[in-house]
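Remember, it's a predicted structure, so these values are computed and weren't measured experimentally. Indexing begins at 1, ligand by ligand and atom by atom, following the structure's order.
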Amino acid sequence: MQRVFSGIQPSGELHLGNYLGAVRNWVRMQDDHDCFFCIVDYHAITQDYEIDKLRSRTLDMAASLLAAGIDPGRAVVFVQSHIPEHTELAWVFTTVTPIGELERMTQFKDKARRQESVLAGLLNYPVLQAADVLLYKADMVPVGEDQVQHIELMREIARKWNIRYREGFFPEPQPAVTDARRIIGLDGQAKMSKSLGNTIGIQDDSEGIWQRLRPAVTDPARVKRSDPGTPDLCNIYSLHRHFSAPDTVDEVATKCRTAAWGCLDCKRILGDNVATTFAPIRERANQLRANPEQVLDVLHEGATRARAVAQDTMQQVRELMGLMPEERTVRRDK
Ligand code: AQP
């Protein structure tokens, strides 16, 4: 069975973009892959964050993943910071990663632009990501489009380390993307992203979804209700493609082009369909939130299983790199 690794930051609530772009694919892959899914809290601290919310967000993200269909009987679900080998391997990888490669990462450039002082953690984010995946020697990484460039770099890091220390030790993982690889946020411009607040959360109820959808940006050229619209320029229309039946998608397009419907009519239908799709997930997540011990047990069991693999990989890495093991008596003839 091929091994799969993927992670999600506890930087806010699980949103529609995460779900369509990554998590739905994770759920499918559990059937025929050896899956490791990780809540990557060390990644979440590379941007400004609320210290007193990180724990609850981590637990909440775990509950959301389980509610979305991640099954701890078929996948290992755990928290990154519970396994210190992630950061240890990341350090090792910094020694084979050229700074220039990190500086040219699109996500780094975008985020660095938004920060007054750019911190090394942000630059090194893809190195930690390489460690996350390669620690488990995963073959495949189901992600959204924004992460594909990081996976290319990860392959290069694996290659460089292998050349120096042991040919073929680390695999060169492949990204797995879906047809929803880049969901645009409700601002109609940027990628839907927890840190940009342009999301619909999968735990929002109908009213919450409507409150977020109502001001969402549509076709910018459609100013008045009576203006005919261009569905292909409208983010709401592209969301319909993921949530509405094909005949509804066709009807939305026709009624938009002829101005028979206004943008609010179109959003109402989308809102109902999103709410219907996510209702069972929301219900399961509420049940899990009421029983946090159940979620903590899953994370503990996941960390135990992940740790066994991570420690084994790191022991081999240290050995291959010539690091001295901790022993009472070091044999001098070796
Ligand atoms: N808009 C999206 N469309 C498709 N896939 C997406 N992913 C994220 N946004 C979209 C994929 O979801 C997985 C988890 O990624 P993340 O935790 O980095 O999600 P985020 O919402 O992007 O989180 P942040 O905290 O707001 O981070 P930044 O600021 O980095 O975007 C990944 O597989 C991702 O590709």
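Of the charged side-chain nitrogens involved, at least one lies within less than 4.0 Å of a carboxylate oxygen, so that Asp34 and Arg3 count as a salt-bridged pair. The pair Asp265-Arg268 does not count as a salt bridge, with every side-chain nitrogen at least 4.0 angstrom from each carboxylate oxygen. Residues Glu13 and Arg212 are paired through a salt bridge, judged by an N-O separation under 4.0 Å between the basic side chain and the carboxylate. Using a cutoff of 4.0 Å between basic side-chain nitrogens and carboxylate oxygens, Lys53 and Asp48 are not scored as salt-bridged.
Put simply, the side chain of Asp312 never gets that close to the backbone of Val309: no donor and acceptor are under 3.5 Å apart.
Taking Ile, Leu, Val, Met, Phe, Trp and Tyr as members and joining any whose side-chain heavy atoms lie under 4.5 Å apart, directly or through other members, the hydrophobic cluster of Val252 also contains Tyr237, Val249, Trp261, Ile269.
Annotation: ligand 1 has protein neighbours Gly7, Ile8, Gln9, Ser11, His15, Gly17, Asn18, Gly21, Ala22, Gln47, Gln107, Lys111, Val143, Gly144, Asp146, Gln147, Ala180, Arg181, Arg182, Ile183, Lys191, Met192, Ser193, Lys194, Ser195, each with a heavy atom less than 4.0 angstrom from the ligand.
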